Amino acid sequence: MVIDNWTKVDNELIGKNADMRVITSENISVSEFEFRETIDLPIHSHNSEQTTIVVEGEMTIRYGTIEKKMSAGDACIIPANIPHCATISKIPFKSYDIFYPFREDFIQKISI
């Protein structure tokens, strides 16, 4: 079992528009996002499958031919290596993202 605390890290995709906190293990990474402003997040991809759970606010996520408007209580799964983007359209916005396998880039930011 791993017991740890959330670590606030910088994320170039969200800039200063939001706070991101991360907790990670040898298998998964979990990130918590809190947006203060609406924003269009650019297309990106990563080697991890991503599950996004919206807690508050609204967003539209796009990947492949899929476009889904999400609000509190909604969740989606994005396969690994699939380019995707999102628009945060209603604030305050809060979500949790779970990544498997863990995000190496998150571990590097925590270690700094």
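None of the values given here were measured: they were computed from a predicted structure.
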Quick one, [X] and [Y] - any side-chain contact, counting heavy atoms below 4.5 Å?
X	Y	result
Ile61	Ile78	yes
Phe33	Leu41	no
Cys85	Asp40	no
Ile91	Arg36	no

Exercise. In terms of side-chain geometry, is the basic nitrogen of Lys16 or Glu37 positioned less than 4.0 Å from the acidic oxygen of its partner?
Worked result: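 Salt bridge flag = no for Glu37 with Lys16.
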
Exercise. Do Lys69 and Asp74 meet the salt-bridge criterion of a basic N to acidic O distance under 4.0 Å?
Worked result: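 So Asp74 does not pair with Lys69 through a salt bridge.
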
Looking at every heavy atom in both [X] and [Y], which two are closest together, and how far apart are they?
X	Y	value
Ala18	Phe35	CB-CD2, 3.4 Å
Ile53	Ala75	CG1-CB, 4.1 Å
Ile28	Tyr100	CG2-CD1, 3.8 Å
Ser29	Thr24	OG-OG1, 2.6 Å
Val22	Ser31	CG2-CB, 4.2 Å
Ser48	Arg103	OG-CD, 3.6 Å

For this session: Scan side-chain atoms only and decide if Asn81 and Ser45 contain a donor-acceptor pair under the 3.5 Å cut-off.
Result: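 No donor-acceptor contact under 3.5 Å links the two side chains.
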
For this session: Please answer whether the main-chain N or O of Asn27 pairs with a side-chain N or O of Ser25 as donor and acceptor at a distance below 3.5 Å.
Result: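 Indeed, once roles are kept as given, a pair shorter than 3.5 Å links the two residues.
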
For this session: Following the transitive rule for hydrophobic clusters with a side-chain heavy-atom cut-off under 4.5 Å over Ile, Leu, Val, Met, Phe, Trp and Tyr, establish whether Ile82 and Ile66 coincide in one cluster.
Result: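 Same hydrophobic cluster.
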
Contacts table for residues 92-99: side-chain donor-acceptor under 3.5 angstrom, sequence neighbours left out:
{"from": "Lys94", "atom 1": "NZ", "to": "Glu32", "atom 2": "OE2", "distance (Å)": "3.3"}
{"from": "Tyr96", "atom 1": "OH", "to": "Glu32", "atom 2": "OE2", "distance (Å)": "2.8"}
{"from": "Asp97", "atom 1": "OD1", "to": "Thr52", "atom 2": "OG1", "distance (Å)": "2.9"}
{"from": "Asp97", "atom 1": "OD2", "to": "Gln50", "atom 2": "NE2", "distance (Å)": "3.2"}

Exercise. Would one find more than 12 heavy atoms of other residues, nucleotides or ligands at under 6.0 Å from atom CD1 of Ile43?
Worked result: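 No.
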
For this session: Might you confirm whether atom CG of Asp105 has over 12 heavy atoms from other residues, nucleotides or ligands at distances under 6.0 Å?
Result: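 Yes, CG of Asp105 has more than 12 neighbouring heavy atoms, counting only those of other groups under 6.0 Å.
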
For this session: May I have all residue pairs that pass ring-ring contact (aromatic ring centres under 6.0 Å, His included) and include part of residues 52-91, sequence neighbours excluded?
Result: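 Qualifying pairs, neighbours excluded: His44-His84, His46-His84.
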
Problem set entry | Worked verdict on Arg21 versus Glu34 for side chain to side chain contact (heavy atoms under 4.5 Å, CB included) | CA-CA 9 Å; Arg21 287 172 285 282; Glu34 291 189 51; 2.3 Å; yes

Exercise. Taking atom CD1 of Ile39 and atom CE of Met59, what is their separation to the nearest 0.5 Å?
Worked result: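 Here the rounded value is 11.5 Å.
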
